[in-house]
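Given the structure is predicted, the values throughout are model-derived calculations rather than measurements. The figures that follow rest on heavy atoms only: side chains count, while hydrogens, waters and symmetry mates do not. Each chain gets a letter, A, B and so on, in the order its sequence line appears, and its residues count up from 1.
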Protein chains: 2
Amino acid sequence: MDVLALRYERSTRRLRLGLHRRTVGPFAGELALPGVLLRRGERIRDAAARALAKIDVRSDAAGQLVTFDEPNRDPRGPTLSIATWAVTTDSGSATWQRFDELPDLAFDHRRIVADCRPRLAGMLWRDSDFTRRLTGDEFLATDALALQAELTGATPDRGNLNRTLAALPGLTRTDRLASTGRGRPGTVWAWTP
Amino acid sequence: MDVLALRYERSTRRLRLGLHRRTVGPFAGELALPGVLLRRGERIRDAAARALAKIDVRSDAAGQLVTFDEPNRDPRGPTLSIATWAVTTDSGSATWQRFDELPDLAFDHRRIVADCRPRLAGMLWRDSDFTRRLTGDEFLATDALALQAELTGATPDRGNLNRTLAALPGLTRTDRLASTGRGRPGTVWAWTP
DNA sequence: ACAAAAGTGTTAAAATTACACCCATGG
DNA sequence: CCATGGGTGTAATTTTAACACTTTTGT
């Protein structure tokens, strides 16, 4: 069970993946996705929470992405890996890296990330739970832009994204503005419930 | 590990799911998806083959759908279930039932099928491996129509489906016709490689 | 006034859907 | 010649994408 722990850093407008430096076992000293072996009868969600504890991060939710079953992925022997996502606001003890600046990772974790990134990108704006956790309760269109850019690797059109936001159920634009320094201040978007 | 074993019956133009009557354990006597417990280090594909052996069916390929982890799904204790699909032409020793005429099933298998059916429907025409196994090397547009109807529960528009087929890479319409009895004979579609 | 940042408007292209109409075969 | 099944044509609708233009702020 490996977790893609995501954290959106509002100040820098970067989306980062939480990595964990291994201390033991194979690939000791290298960075890896936080992961644990699934205990018999354990729920995926609980295992994800255990994995996140490795980087001192809390997150109450996680969703499953895919299951990898290549027998050679772990030199200790063949194991399944269920890849899951989680979103957090804690920075914990993790090393946080952007998707576009990923260092080498232990096991087949680069492959896992490469495989899961487009899935996460596809969930943005479509999976409201996922989306809302990433954006937080309130955000600016620029944050939305940054999130999509970080996930997909390409900056979307501002105008089109504004319309996407306007069409999202549960999301409304407030009449408040937020200034970031220079330039025209942006409108604050807020989730309803 | 549970397998949704699919079989397209050309003569009746029905898509059927292979079910297995349990002889032991909980739910003995009831119908269930063929499944096995994943052995340590076993590949999903191999486990699926073992499961299919329960209904005396061979199939060289399978793909994963989702993983279910509800702890109460099996009265023997909490177990994960990776749902996978497989397509076969053998009838084996299974009970074959249409999606729309599913009897009660053991465990949470009805839920699994309900959850996976739309996923399978979404794979049709998009996942060429899956699609090709269902249709066989050659088929008529009517078979395509039947497949989509059986998977989605609604008959699509014939004209639109014809165009969908025409746009599929690797698929070509031959100049051969096939008569089914009464009515105008249909054109044979064939996969290239 | 100008550059930077945010937002609106308009249009083009593509995909989805719906439906009317024409063709080929068996009785 | 007509019912049945198969196929083509056309148009409306919606989605996605692209790009030009306007507004608001700080310096």
Side-chain angles (χ1 to χ4, degrees), chain A residues 9-14 118 121-128 131 135-136 138-169 171-190, chain B residues 9-14 118 121-128 131 135-136 138-169 171-190:
Chain A
E9 206 173 72
R10 247 190 191 58
S11 52
T12 57
R13 298 216 156 111
R14 299 292 196 194
M123 285 163 62
L124 189 62
W125 316 131
R126 270 178 263 276
D127 181 323
S128 63
T131 303
T135 60
E138 294 193 347
F139 63 98
L140 304 181
T142 304
D143 294 311
L145 206 76
L147 278 169
Q148 187 168 334
E150 293 275 296
L151 272 178
T152 62
T155 318
D157 182 277
R158 244 210 167 68
N160 294 336
L161 183 58
N162 269 335
R163 281 179 282 265
T164 303
L165 294 179
L168 280 189
L171 185 64
T172 41
R173 38 181 308 178
T174 67
D175 47 5
R176 279 171 295 139
L177 297 177
S179 173
T180 7
R182 56 193 164 290
R184 173 173 173 178
T187 326
V188 177
W189 291 82
Chain B
E9 206 173 71
R10 244 189 195 59
S11 53
T12 56
R13 299 217 156 112
R14 299 291 197 196
M123 285 164 61
L124 189 63
W125 316 130
R126 271 179 262 276
D127 182 324
S128 62
T131 303
T135 60
E138 295 193 346
F139 63 98
L140 303 181
T142 305
D143 294 312
L145 206 78
L147 278 168
Q148 186 167 336
E150 293 276 296
L151 273 179
T152 63
T155 318
D157 182 277
R158 244 207 166 72
N160 295 336
L161 183 58
N162 270 335
R163 281 179 283 266
T164 303
L165 294 178
L168 280 189
L171 186 64
T172 41
R173 40 181 307 179
T174 67
D175 47 5
R176 279 171 293 140
L177 297 177
S179 174
T180 7
R182 53 190 166 290
R184 174 174 171 176
T187 326
V188 177
W189 291 81

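Counted within 6.0 Å of CZ on Arg182(B), heavy atoms from surrounding residues, nucleotides or ligands total 12 or fewer; the atom is thus considered open.
With rounding to the nearest 0.5 angstrom, the CG atom of Leu165(B) is 4.5 Å from the CG atom of Leu161(B). Separating the CH2 atom in Trp189(B) from the OG1 atom in Thr172(B) is a distance of 8.5 Å, to the nearest 0.5 Å. Atom CD of Glu150(A) and atom OG1 of Thr155(A) lie 9.0 Å apart (nearest 0.5 Å).
Under the 3.5 Å distance criterion, the side-chain polar atoms of Thr174(A) are matched with a main-chain donor or acceptor of Val188(A).
Note on Thr187(A): a side-chain N or O is less than 4.0 Å away from OP1 or OP2 of dG7(C). Between Thr142(B) and dG6(D) there is a side-chain N or O to OP1 or OP2 distance below 4.0 Å.
Here the nucleotide nearest the side chain of Asn162(B), chosen from dT8(D), dA6(C), dA18(C), is dT8(D).
Across the protein-nucleic acid pair, Trp125(B) atom CH2 and dA15(C) atom P stand 18 Å apart, rounded to whole Å. Rounded to an integer number of Å, the gap from Leu161(B) CG to dA15(C) C1' is 15 Å. Rounded to whole Å, the distance from CG on Asp175(A) to P on dT24(D) is 15 Å. Asp143(B) places its CG atom 9 Å from the P atom of dG6(D), with the value rounded to the nearest Å. Remark: C1' of dA6(C) and CG of Leu145(A) are 10 Å apart, rounded to the nearest angstrom. Whole-Å rounding puts the Leu165(A) CG to dT8(C) C1' distance at 15 Å.
Residues that satisfy the salt bridge (charged side-chain N to carboxylate O under 4.0 Å, His left out) test with Arg13(B), not counting sequence neighbours, are Asp143(B). Annotation: salt bridge (charged side-chain N to carboxylate O under 4.0 Å, His left out) contacts of Arg176(A) (sequence neighbours excluded): Glu138(A). Ser128(B) is linked by a side chain to side chain contact (heavy atoms under 4.5 Å, CB included) to nothing, counting only residues two or more places apart in sequence or in another chain. For Thr131(B), the side chain to side chain contact (heavy atoms under 4.5 Å, CB included) criterion is met by Leu124(B), Trp125(B), Thr135(B), Trp191(B), not counting sequence neighbours.
Checked by distance alone, Arg163(B) brings a side-chain donor or acceptor within 3.5 Å of a matching partner on the base of dG9(D).
DNA chain D lies under 4.0 Å from at least one heavy atom of each of the following residues of residues 147-160 of chain A: Asp157(A), Asn160(A).
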Distances under 3.5 Å between protein N/O atoms and the N/O atoms of nucleotides 21-27 of chain C, please, pair by pair.
unit_1	atom_1	unit_2	atom_2	d
dC23(C)	O2	Arg184(B)	NH1	2.9

